[in-house]
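Notes for the one structure printed next.
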There are 2 protein chains.
Amino acid sequence: MATTRQRPAGDTATRILDVAERLVQSRGFNGFSYADIAAELEITTASLHYHFPGKGELGRALIGRYAARFSDALDVIDDELPDALAKLVAYGNLYAAVLREKRLCLCGMLAAEYHTLPEGMREAVLAFFDTNEKWLAHVLREGREAGALRFGGTPEGAARMIVGGLEGAMLVARPYDDVARFEEVVQQLLGGLTINV
Amino acid sequence: MATTRQRPAGDTATRILDVAERLVQSRGFNGFSYADIAAELEITTASLHYHFPGKGELGRALIGRYAARFSDALDVIDDELPDALAKLVAYGNLYAAVLREKRLCLCGMLAAEYHTLPEGMREAVLAFFDTNEKWLAHVLREGREAGALRFGGTPEGAARMIVGGLEGAMLVARPYDDVARFEEVVQQLLGGLTINV
DNA sequence: GTCTATAGGCAGATAGAC
DNA sequence: GTCTATCTGCCTATAGAC
């Protein structure tokens with residue numbers, strides 16, 4: 001108990017990012033305003049502009065934090081799970097956890113709004129997908145070489161199918177408020193890659 | 001040449017829908033305004049409100065027209081193509097045609113913004129997905145019974161994988177402005193359903 | 001049907017006091 | 001760091017003339 005703490009956890013900038021992140025993932029970047037964040041944190045919009053001068057800066061910070069967190073999760077999966085299929089299942093669970101909070105993947109949402117995003121956010125969205133596809137392609141290649149996975153085409157192609165499949169499954173499942181619908185698709189998707197179909 | 005025709009095709013309501021449809025599919029429902037449509041058609045926003053009292057009414061009309069057009073396309077596929085795999089390929093081509101115009105599926109875009117949509121639009125979005133999944137499930141079931149397709153799980157589950165996979169592949173491919181990326185995923189996705197993998 | 005004019009609200013953003 | 005106060009612009013929408 002070194003620091004005197006206000007109601008919610010973290011410093012102001014962190015709390016702003018937390019609220020903004022949830023708003024973007026549930027309503028979209030064009031579906032919320034500084035006023036929404038301010039009201040929830042009981043501060044003024046002027047204070048928000050002190051921490052993040054403009055909405056574009058806030059958006060870039062959001063993607064940066066989200067991508068770093070995701071990247072850490074991939075490292076943990078690599079460290080803790082040996083075989084390829086288990087890694088893919090764990091990867092799918094990352095998405096399922098987001099959907100359970102009635103959110104979309106941050107970058108999936110931003111991909112939909114891509115052409116309206118401020119400069120700087122767009123490149124960050126692409127970098128997120130690039131990182132994910134690269135990680136998946138590596139897992140898929142090793143899995144196929146080890147005889148644990150079977151698929152036609154390149155590992156990169158299969159990686160893009162998985163990213164697209166998971167993003168799309170979230171997109172469609174969320175309006176139904178039905179996580180089972182998502183998990184069913186994941187099973188179908190990964191089942192097509194296992195050796196014993 | 002019965003009717004005297006202005007510059008663009010169709011009556012005013014149709015032209016409004018055409019422009020609005022493109023704007024929603026490229027920028028999102030929260031990413032355009034009546035002013036955008038008015039400027040493009042060189043009329044005033046007041047005229048827009050004459051044809052569509054509010055943005056919600058416009059949105060509902062957009063989904064209705066889009067769903068009807070899509071449904072017609074499915075009927076054509078049923079009439080013209082006999083075997084299941086050909087139908088699935090044709091189905092994928094419907095999406096590819098949209099992506100080629102740098103758009104998302106109208107209802108895919110609206111699914112992302114789902115929780116910000118006016119009442120009345122949400123149900124229409126769900127109905128669109130329901131229709132598509134039902135059609136796909138029928139094709140998949142018949143294809144499997146005829147020995148043309150092979151997949152684990154239920155036809156409904158496989159149908160949801162296809163809808164999610166196509167929607168997500170579009171979502172991710174569009175920022176890269178790369179239709180080949182989309183087509184690659186479609187091939188991978190449908191390839192997993194054919195008998196000769 | 002389309003216009004001018006305008007209402008009323010909310011958006012992102014800034015200056016300057018404390 | 002957070003506030004009050006304010007600006008400018010855009011948003012959806014309406015009244016009423018033509």
Side-chain angles (χ1 to χ4, degrees), chain A residues 3-24 26-63 109-110 113 115-122, chain B residues 3-21 23-24 26-63 110 113 115-122:
Chain A
T3 56
T4 305
R5 195 167 277 183
Q6 310 291 83
R7 297 292 167 74
D11 58 11
T12 303
T14 302
R15 279 182 282 144
I16 292 171
L17 288 172
D18 289 341
V19 173
E21 184 177 79
R22 197 189 65 247
L23 288 170
V24 174
S26 51
R27 303 179 52 89
F29 193 73
N30 296 324
F32 82 101
S33 70
Y34 266 39
D36 295 325
I37 306 173
E40 189 159 337
L41 295 179
E42 293 179 293
I43 57 177
T44 63
T45 60
S47 292
L48 291 180
H49 282 284
Y50 168 80
H51 293 280
F52 302 97
K55 215 180 172 186
E57 282 85 358
L58 173 59
R60 270 193 276 126
L62 283 175
I63 304 173
M109 180 66 89
L110 296 176
E113 302 176 290
H115 288 99
T116 73
L117 297 181
E119 195 59 35
M121 288 184 65
R122 295 185 225 188
Chain B
T3 56
T4 305
R5 194 168 277 182
Q6 310 291 84
R7 299 291 168 74
D11 57 12
T12 303
T14 301
R15 279 182 283 144
I16 293 170
L17 288 172
D18 289 342
V19 173
E21 183 176 81
L23 288 170
V24 173
S26 50
R27 303 179 52 88
F29 193 73
N30 296 324
F32 81 102
S33 70
Y34 266 39
D36 295 325
I37 306 172
E40 189 159 337
L41 294 179
E42 293 179 292
I43 57 177
T44 62
T45 60
S47 292
L48 292 180
H49 282 283
Y50 169 81
H51 293 280
F52 302 98
K55 214 180 172 186
E57 282 84 358
L58 174 59
R60 270 193 275 125
L62 283 175
I63 303 173
L110 296 177
E113 302 175 290
H115 289 99
T116 73
L117 298 181
E119 194 59 35
M121 289 183 65
R122 296 185 224 186

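All chains are named by letter (A, B, ...) in the order of the sequence lines, taking the proteins before the strands, and each is independently numbered beginning at 1.
At least one donor-acceptor pair under 3.5 Å links the side chain of A/E57 to the backbone N or O of A/G54.
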Task: B/F52 and B/L17: CA distance, side-chain angles, deciding distance, side-chain contact (heavy atoms from CB on, under 4.5 Å) verdict - done: CA-CA 10 Å; B/F52 302 98; B/L17 288 172; 3.7 Å; yes

TODO: Show your reasoning for whether salt bridge (Lys or Arg N to Asp or Glu O under 4.0 Å) applies to B/E113 and B/R122.
DONE: CA-CA 10 Å; B/E113 302 175 290; B/R122 296 185 224 186; over 6 Å; no

Open item on the list: Between A/L58 and A/Y34, is the side-chain contact (heavy atoms from CB on, under 4.5 Å) condition met? List the steps.
Closed with: CA-CA 10 Å; A/L58 173 59; A/Y34 266 39; 3.9 Å; yes

What protein N or O atoms touch nucleotides 11-14 of chain C N or O atoms at under 3.5 angstrom, if any, and at what distances?
from	atom 1	to	atom 2	distance (Å)
C/dA11	OP1	A/S33	OG	3.2
C/dG12	OP1	A/K55	NZ	3.1
C/dG12	OP2	A/Y34	N	3.0
C/dA13	OP2	A/K55	N	2.9
C/dA13	N7	A/H49	NE2	3.3

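In summary, contact between chain A and DNA chain D, defined as any nucleotide atom under 4.0 Å from a heavy atom of the protein, begins and ends at D/dG1 to D/dT4 in the 5' to 3' direction.
Considering OG1 of B/T12 and CD1 of B/I43, their distance stands at 6.5 Å, rounded to 0.5 Å.
Nearest heavy-atom pair across A/R27 and B/H115 is NH1-O, 4.0 Å.
A salt bridge links A/E40 to A/R22: at least one charged side-chain nitrogen sits closer than 4.0 Å to a carboxylate oxygen.
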